[in-house]
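Everything below concerns the one structure shown next.
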Amino acid sequence: MKHWLYISLAILNIACSNGQDLVFSDEFDGQEVNENNWNFMLGDGCPNLCGWGNNERQLYTKENAQVRDGKLVITATKKGAVYSSARLTTEAKVEFKYGTIEVRAQLPQGQGLWPAIWMLGSNIEETKWPNCGEIDIMEYVGKQPGVIYTSLHTAASYGETINSKRHNLKNIEEGFHTYAAQWTENEIKFSIDGQLVYTFAPEDKNEKTWPFDQPFYVLINMAIGGNFGGPEVDDSIFPQEFVIDYVRVYKQ
């Protein structure tokens with residue numbers, strides 16, 4: 001499947017942004033999630049990573065992710081004592097090294113919600129986290145309205161989110177906004193609605209500070225509770241929707 005990906009990235013060239021060619025896009029214009037692009041992660045992470053490593057409460061299902069009106073809709077629900085949501089990844093299907101990823105999305109609202117747009121190094125099975133590297137393009141926690149986080153995780157920052165910026169953006173919950181990361185061999189620049197908000201460019205680049213010299217894949221999910229999103233969850237908010245208009249990847 002990876003061979004299919006790299007061939008596709010080489011031949012697909014259908015649009016441009018800032019001088020870059022569009023090499024992948026999912027506009028969610030079908031009737032269901034395109035599983036040529038996306039994998040569903042299911043369950044609660046047990047037995048290997050219960051609570052997905054962050055004491056999260058949700059059970060991930062396929063049913064909580066739907067394509068509706070040209071958009072991917074991830075719905076967080078609570079039925080009885082069970083919290084449910086969805087987590088999708090492009091692992092082994094869409095992976096790329098360097099370029100710009102752009103995602104247009106509308107956030108959910110409510111204490112306990114933790115939607116995210118992020119990336120992991122494709123060598124995660126061999127090197128494990130955080131050695132594989134993590135690029136958090138957008139994280140939002142409902143207990144902090146009007147705040148967006150952009151962060152990176154590496155072996156050098158294990159256990160601490162030291163490479164991170166908090167952005168205060170009034171009314172970010174209203175309407176759709178575009179979250180992007182422009183990634184080169186020298187730096188990663190994060191932007192929101194076209195405005196630069198954070199640049200990560202360590203002077204000393206080695207395997208502990210810069211694992212960002214290999215292909216990465218995309219993840220989109222909405223967690224519930226957890227170390228960052230919780231611990232308190234307002235049960236009165238459900239259901240809530242995290243809506244993705246499109247995912248696009250550009251390269252030179």
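Start at 1 with the first residue, then count along the sequence.
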#### Entry: Audit row: Glu102, Tyr246, side-chain hydrogen bond (donor to acceptor under 3.5 Å, both in side chains) steps and yes/no
CA-CA 8 Å; Glu102 182 179 279; Tyr246 61 74; 3.1 Å; yes
### Message
Set out, in order, the CA-CA distance, both residues' side-chain angles and the distance that settles side-chain hydrogen bond (donor to acceptor under 3.5 Å, both in side chains) for Asp26 and Trp38, then state yes or no.
### Response
CA-CA 10 Å; Asp26 197 329; Trp38 301 97; 2.9 Å; yes
### Summary
Distance col, row Ile237:CD1 vs Gln111:CD, nearest 0.5 angstrom, shows 8.5 Å
### Message
Is there a side-chain contact between Ile137 and Val103 in this structure, where contact means two heavy atoms from C-beta onward sitting under 4.5 Å apart?
### Response
no
### Message
Is it the case that the side chain of Thr154 and the backbone of Ala156 share a donor-acceptor pair, with hydrogens and angles ignored and the cut-off at 3.5 Å?
### Response
yes
### Message
Contact between Phe28 and Val243 at the side-chain level, heavy atoms closer than 4.5 Å - yes or no?
### Response
no
#### Entry: Rounded distance [0.5 Å steps], CD in Gln20 versus OH in Tyr250
9.0 Å
### Query
Under 4.5 Å between side-chain heavy atoms, hopping through other hydrophobics if needed: is there a path connecting Ile101 to Val94?
yes
## Note on the structure
Heavy atoms of Tyr140 and Ile172 approach each other most closely as CE1-CG2, 4.4 Å
### Message
Side chains of Trp118 and Glu134 only: does a donor on one sit below 3.5 Å from an acceptor on the other?
### Response
no
#### Entry: Main-chain N/O of Cys132 paired to Gln214 side chain as donor or acceptor, under 3.5 Å
yes
### Query
Taking all atoms of both residues into account, what is the closest heavy-atom pair of Trp52 and Leu42, and its distance?
CZ2-O, 3.6 Å
### Message
Show the nearest heavy-atom pair for residues Phe216 and Gly133, with the distance to one decimal.
### Response
CE2-O, 3.6 Å
### Message
For Thr89 and Asn39, which I'm curious about, is there any donor-acceptor pair between the side chains at under 3.5 Å?
### Response
yes
### Task
Evaluate the side chain to side chain contact (heavy atoms under 4.5 Å, CB included) criterion for residues Met138 and Phe190: first the C-alpha distance (whole Å), next the side-chain angles of each, then the deciding distance (0.1 Å), finally the verdict.
CA-CA 9 Å; Met138 187 287 298; Phe190 298 90; over 6 Å; no
### Query
In terms of heavy-atom contacts, does CD of Gln195 have more than 12 from other residues, nucleotides or ligands at under 6.0 Å?
no
### Message
Please check this pair: side chain of Asp21 against backbone of Val23, looking for a donor-acceptor N/O pair closer than 3.5 Å.
### Response
no
### Task
Side-chain contact test, heavy atoms from C-beta onward, threshold under 4.5 Å: evaluate it for Ile188 versus Trp210 and give yes or no.
yes
### Message
Under 4.5 Å between side-chain heavy atoms, counting indirect links through other Ile/Leu/Val/Met/Phe/Trp/Tyr residues: same cluster for Phe176 and Val73 or not?
### Response
yes
### Task
Considering non-hydrogen atoms only, spot the tightest contact between Pro239 and Thr77 and give its length.
CB-CG2, 4.1 Å
### Query
Between Glu139 (side chain) and Trp114 (backbone), is there a donor-acceptor pair under 3.5 Å?
no
### Query
Linking I/L/V/M/F/W/Y whenever any side-chain heavy atoms sit under 4.5 Å apart, do Met119 and Ile244 land together?
yes
### Query
Once you round to the nearest 0.5 Å, how far does OH of Tyr149 lie from OH of Tyr198?
13.5 Å
### Task
Given side chain to side chain contact (heavy atoms under 4.5 Å, CB included), test Thr184 with Lys189 step by step and report yes or no.
CA-CA 9 Å; Thr184 71; Lys189 293 183 176 181; over 6 Å; no
### Task
Decide yes or no for Phe24 and Lys93: does some side-chain heavy atom of the first lie under 4.5 Å from some side-chain heavy atom of the second?
no
### Message
Looking at Phe212, is its backbone amide N or carbonyl O close enough to the side chain of Trp183 to form a donor-acceptor pair, meaning the two atoms are under 3.5 Å apart?
### Response
yes
### side chain to side chain contact (heavy atoms under 4.5 Å, CB included) between Thr75 and Gln66, intermediate numbers included
CA-CA 8 Å; Thr75 305; Gln66 298 180 335; 5.8 Å; no
### Message
Within the 4.5 Å heavy-atom criterion, are Glu35 and Phe40 side-chain neighbours or not?
### Response
yes
### Glu187, CD atom: more than 12 neighbouring heavy atoms under 6.0 Å
yes
### Task
For the pair Glu241 and Arg68, evaluate side chain to side chain contact (heavy atoms under 4.5 Å, CB included) and give the outcome as yes or no after the intermediate values.
CA-CA 12 Å; Glu241 295 181 345; Arg68 188 173 71 228; 2.9 Å; yes
### Query
Are the side chain of Asn54 and the backbone of Glu56 linked by a donor-acceptor contact shorter than 3.5 Å?
no
### Message
Donor-acceptor check, side chain of His177 to backbone of Ile192, threshold 3.5 angstrom: yes or no?
### Response
no
### Task
Quick one: pull up OG in Ser85 and OH in Tyr60 and give me the separation to the nearest 0.5 Å.
5.5 Å
### Task
Can you measure from OG1 (Thr90) to CG (Leu219) and round to the nearest 0.5 angstrom?
7.0 Å
### Query
Are the side chain of Gln58 and the backbone N or O of Ala223 linked by a donor-acceptor pair below 3.5 Å?
no
#### Entry: Distance-minimising heavy-atom pair for Asp44 and Leu59
N-CD1, 3.8 Å
### Message
Using side-chain heavy atoms (C-beta onward) and a distance below 4.5 Å, is Leu113 in contact with Leu107?
### Response
no
### Query
Taking all atoms of both residues into account, what is the closest heavy-atom pair of Glu173 and Pro145, and its distance?
OE2-CA, 3.3 Å
### Message
So Phe200 and Ile135, do their side chains get closer than 4.5 Å, heavy atoms only?
### Response
no
### Message
Quick check against the 3.5 Å criterion: does Lys128 have a side-chain atom that pairs as donor or acceptor with the backbone of Pro130?
### Response
no
### Shared hydrophobic cluster, Val33 / Ile220 (ILVMFWY, side-chain heavy atoms < 4.5 Å)
yes
### Query
Roughly how far, to the nearest 0.5 Å, is CD of Glu32 from CG of Leu72?
12.5 Å
#### Entry: Pairs meeting criterion salt bridge (Lys or Arg N to Asp or Glu O under 4.0 Å) with involvement of residues 194-212, two or more places apart
none
Taking only distance into account, with no hydrogens and no angle test, what donor-acceptor pairs under 3.5 Å do side-chain atoms of residues 228-236 form with protein atoms, sequence neighbours excluded?
from: Asp234; atom 1: OD1; to: Ser236; atom 2: N; distance (Å): 3.0
from: Asp234; atom 1: OD1; to: Ser236; atom 2: OG; distance (Å): 2.6
from: Asp234; atom 1: OD2; to: Ser236; atom 2: OG; distance (Å): 3.2
from: Asp235; atom 1: OD1; to: Tyr83; atom 2: OH; distance (Å): 2.6

### Query
Is it true that a side-chain atom of Lys165 and a backbone atom of Thr199 form a donor plus acceptor pair closer than 3.5 Å?
no
### Query
Would you call Ile148 and Tyr179 a side-chain contact if the rule is heavy atoms closer than 4.5 Å?
yes
